[in-house]
Amino acid sequence: IELLSDAWYGATRSATGYAADPWANWSSYTSFVTTVVRQAQARGQDPIWEIQNEPEGYPYDPAQPPSRALVEAQYLKAYQAIKSVNPQARVVGPSIDWQYENSSAPWYIDMKTFIPFAAANGMKLYAIAWHDNSDIADQSSLVYSEMPQVVRDHAEEVRELVAENPGIGSPLLFADENSSPSGTFIPGFAAGYFAAEDQAGLNEANRACWSYPESYDPGTCFEPNLDGLLNRDGNPNASYWTMVDYGAMSGDRVQSETSDINLSALAVTNSGLTRVLLGRHRTCSEPTTTWAYCHGPATLPAPVATTVQVLLPTGVTLATVQVQAVPNTRADLTTAPATTTSTVAVVGGLASITIPSFGDGDAYFVTIAPKTRLGPSATGGPPAPSGDLAVVELPLAIGPAVATRMLPVGGNEQSAHTLGAFAQPLVTLATDQYGNPVANVSVTFSLHSTSAATFSDGSITAIATTDRFGLATSPAITAGAPGS
């Protein structure tokens, strides 16, 4: 991704440390943008262009704050300048620190206004991008907006806005920065973000980069440390091994649920194996260290017993289980954390694995392999779970996703003048039993015969196919004449 705002800042920064206001001279700004794009072409590069990184951070002179309209105009003029050089260029935005609806400074961009603005002005964005960097401000109480799971809500809100504003096209979804400065190096938080981003169906998600004082390990994002996955001495830390575990989770995603909002689970099945990545993320406190970036209590919550229950195919009576614990520590972990192996009985179709002391901030990587198929599973129910519970539901047959629900998400409750056009088409979302969007579903839209309204071809029925987001959009609708 090429950050135009960084290039502009470097080229125009004054002695006071601020960049020139683009709206002070639009011609100069758009000329700069086209020059940068041409330079990339000359180098044989075709980057993804990000117009402005976190406009709410406002790198311009605070003595002359802009209006939202000026910031929106900056996006539009930069977009048009990029496309004038390369009509196929990939442009993303708005790259804000998440805000659905602005309640702060008057120049802040929010999703609720930016997406309609982009659609109305013909900005066919390659991706809607945002940052989920909200830090843990007060861990004495639970704040859902500061938990990894909120990423899923943000993705759903963006999908709804895109459906309501079809002029923007079918953009991908990027969380191009994620994790908070206080939780980014804690394996339990890392696992929580992996689970949330994966379950949200994002097309791309990138680890945020933070700067810390020299006394802090793993240091800053300006060092060659893989955005903090390596400590200052170049050795891996706990977050590195959580990333390695996530990298091993290729295969078919499996529905997983937990009994505690502070416990995340992500599960896959592949070649008969089920892998589960678990993370606990209640606070940013650490077992042996207190540090200024954590606003939480001085001590960690007590570890909690946790049971993982995995539904296995019929006929499996025993399973081999491997459990790797990734501890909440900033110390070097030069080799992969140790893995324990055991055999568990499968009772009532469930393999139950107990983690007796799951510490806050820890992550666990569990692999379950069916060991025997000697006949019917043992009768009776599974043992009672100990403490918190993570349930993994393994389908008996993995196949193409099947739509089980059709939800109206756009075009409802509209009115139009006689023979006039309705403002929006009808939009329907197709999901499977787990709420995931399903593509390539044929959807029939029907208008009530007594309404006299018709689709653009004069008919009262239309067929559309869902896109990769599970969305099907009808043709335009025209209101009929009274009595017709």
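Just so it is clear, the structure is predicted and the values come from calculations on it, not from any experiment.
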Engineer: Does some side-chain heavy atom of Asp46 sit less than 4.5 Å from a side-chain heavy atom of Asn86?
Structural biologist: yes

Engineer: Side chain of Thr473, backbone of Val427: donor and acceptor closer than 3.5 Å?
Structural biologist: no

Engineer: Just wondering, do Asp332 and Asp233 contact through their side chains at under 4.5 Å, heavy atoms?
Structural biologist: yes

Engineer: Measure the CE-OG1 distance between Met249 and Thr367 for me, rounded to the nearest 0.5 Å.
Structural biologist: 8.5 Å

Engineer: For Pro187, which of Leu333, Asp362, Thr329, Asn328 qualifies under side-chain contact (heavy atoms from CB on, under 4.5 Å)?
Structural biologist: Asn328

Engineer: Counting distance only, does the side-chain N/O of Lys83 pair as donor-acceptor with the main-chain N or O of Gln88 below 3.5 Å?
Structural biologist: no

Engineer: Going by the angle between their ring planes, with limits at 30° and 60°, are His281 and Phe189 parallel, tilted or perpendicular?
Structural biologist: tilted

Engineer: Looking only at the side chains, is there a donor atom on one of Gln424 and Glu164 sitting less than 3.5 Å from an acceptor on the other?
Structural biologist: no

Engineer: Roughly how far, to the nearest 0.5 Å, is the OH atom of Tyr79 from the CG atom of Asn121?
Structural biologist: 10.5 Å

Engineer: Minimum heavy-atom separation for Ile477 and Ala453, please, with both atom names.
Structural biologist: CG2-CB, 4.2 Å

Engineer: Can you confirm whether Ile82 sits close enough to Leu4 that some side-chain heavy atom of one is under 4.5 Å from a side-chain heavy atom of the other?
Structural biologist: yes

Engineer: Are a donor atom and an acceptor atom from the side chains of Asn237 and Asn231 found within less than 3.5 Å of each other?
Structural biologist: yes

Engineer: Assess whether atom CZ of Phe365 is packed by more than 12 heavy atoms of other residues, nucleotides or ligands within 6.0 Å.
Structural biologist: yes

Engineer: Considering all heavy atoms of both residues, which atom of Met406 and which atom of Thr428 are nearest to each other, and what is their separation?
Structural biologist: CE-CG2, 3.6 Å

Engineer: Supply the atom-to-atom distance Asn235 CG to Thr335 OG1, rounded to the nearest 0.5 angstrom.
Structural biologist: 10.0 Å

Engineer: A side-chain contact here means heavy atoms from C-beta on lying under 4.5 Å apart; do Tyr29 and Gln74 qualify?
Structural biologist: yes

Engineer: Say whether, by atom type as modelled, one donor and one acceptor occur between the side chain of Thr258 and the main chain of Leu263 under 3.5 angstrom.
Structural biologist: yes

Engineer: Hey, are the side chains of Val326 and Tyr364 touching, using non-hydrogen atoms and a 4.5 Å cut-off?
Structural biologist: no

Engineer: For the residue pair Ser84 and Thr34, establish whether any side-chain heavy-atom pair is separated by less than 4.5 Å.
Structural biologist: yes

Engineer: Determine yes or no for a side-chain-to-main-chain donor-acceptor pair under 3.5 angstrom, with Thr35 supplying the side chain and Ser31 the backbone.
Structural biologist: yes

Engineer: Asn206: which residues meet the side chain to side chain donor-acceptor pair (under 3.5 Å) condition with it, sequence neighbours left out?
Structural biologist: Glu204

Engineer: How are the rings of Phe445 and Phe455 set to each other: parallel, tilted or perpendicular (split at 30° and 60°)?
Structural biologist: perpendicular

Engineer: Determine the minimum heavy-atom distance between Ser170 and Asp467, stating which atoms define it.
Structural biologist: OG-OD2, 3.9 Å

Engineer: Could you check if a side-chain atom of Leu278 sits within less than 4.5 angstrom of a side-chain atom of Ser264, using non-hydrogen atoms only?
Structural biologist: no

Engineer: Check this for me: does any side-chain nitrogen of one of Arg275 and Asp245 sit under 4.0 Å from a carboxylate oxygen of the other?
Structural biologist: no

Engineer: So which heavy atom on Pro148 is nearest to which on Ala196, and how close?
Structural biologist: O-CB, 3.2 Å

Engineer: Would you please name every residue forming a salt bridge (charged side-chain N to carboxylate O under 4.0 Å, His left out) with Lys124, sequence neighbours left out?
Structural biologist: none

Engineer: Got a donor-acceptor contact below 3.5 angstrom from the Ser256 side chain to the Ala265 backbone?
Structural biologist: yes

Engineer: Taking Thr269 for its side chain and Asp252 for its backbone only, find out whether a donor-acceptor pair lies under 3.5 Å.
Structural biologist: no

Engineer: Determine, step by step, whether Val443 and Ile463 satisfy the side chain to side chain contact (heavy atoms under 4.5 Å, CB included) criterion, reporting the C-alpha distance in whole Å, the side-chain angles of both residues, the deciding distance to 0.1 Å, and the verdict.
Structural biologist: CA-CA 6 Å; Val443 178; Ile463 298 176; over 6 Å; no

Engineer: Going by distance alone, is a donor N or O of one side chain under 3.5 Å from an acceptor N or O of the other, for Asp457 and Ser459?
Structural biologist: yes

Engineer: Testing Asp360, Asp260, Asn262 for side-chain hydrogen bond (donor to acceptor under 3.5 Å, both in side chains) with Arg280, which one passes?
Structural biologist: Asp260

Engineer: Are the ring centres of Phe114 and Tyr75 closer than 6.0 Å?
Structural biologist: yes

Engineer: Distance alone, cut at 3.5 Å: any donor-acceptor contact between the side chains of His131 and Asn178?
Structural biologist: no

Engineer: Taking salt bridge (charged side-chain N to carboxylate O under 4.0 Å, His left out) as the test, write out the residues that go with Asp198, two or more places apart.
Structural biologist: Arg253

Engineer: Closest heavy-atom contact between Phe117 and Ala73?
Structural biologist: CZ-N, 4.4 Å

Engineer: Quick one: pull up CD1 in Ile128 and CZ in Phe174 and give me the separation to the nearest 0.5 Å.
Structural biologist: 10.5 Å

Engineer: Is there a donor-acceptor contact under 3.5 Å linking the side chains of Trp8 and Asp6?
Structural biologist: no

Engineer: Minimum heavy-atom separation for Tyr193 to Asp132, with atom names?
Structural biologist: OH-O, 4.0 Å

Engineer: Determine whether a donor-acceptor pair (N or O, by modelled atom type, separation under 3.5 Å) exists between the side chain of Asp21 and the backbone of Ala24.
Structural biologist: no

Engineer: Please step through side chain to side chain contact (heavy atoms under 4.5 Å, CB included) for the pair Phe422 and Thr478, ending with a clear verdict.
Structural biologist: CA-CA 6 Å; Phe422 284 85; Thr478 302; 5.9 Å; no

Engineer: Which is it for Leu429 and Arg159 under the side chain to side chain contact (heavy atoms under 4.5 Å, CB included) test, yes or no, and what are the steps along the way?
Structural biologist: CA-CA 10 Å; Leu429 172 65; Arg159 287 192 178 98; 6.0 Å; no

Engineer: Quick check for you: to the nearest 0.5 Å, what is the distance between Met123 atom CE and Glu72 atom CD?
Structural biologist: 9.5 Å

Engineer: For the atom pair CD (Glu50) and OH (Tyr126), what is the distance rounded to the nearest 0.5 Å?
Structural biologist: 14.0 Å

Engineer: Can you confirm whether Trp130 sits close enough to Val158 that some side-chain heavy atom of one is under 4.5 Å from a side-chain heavy atom of the other?
Structural biologist: yes

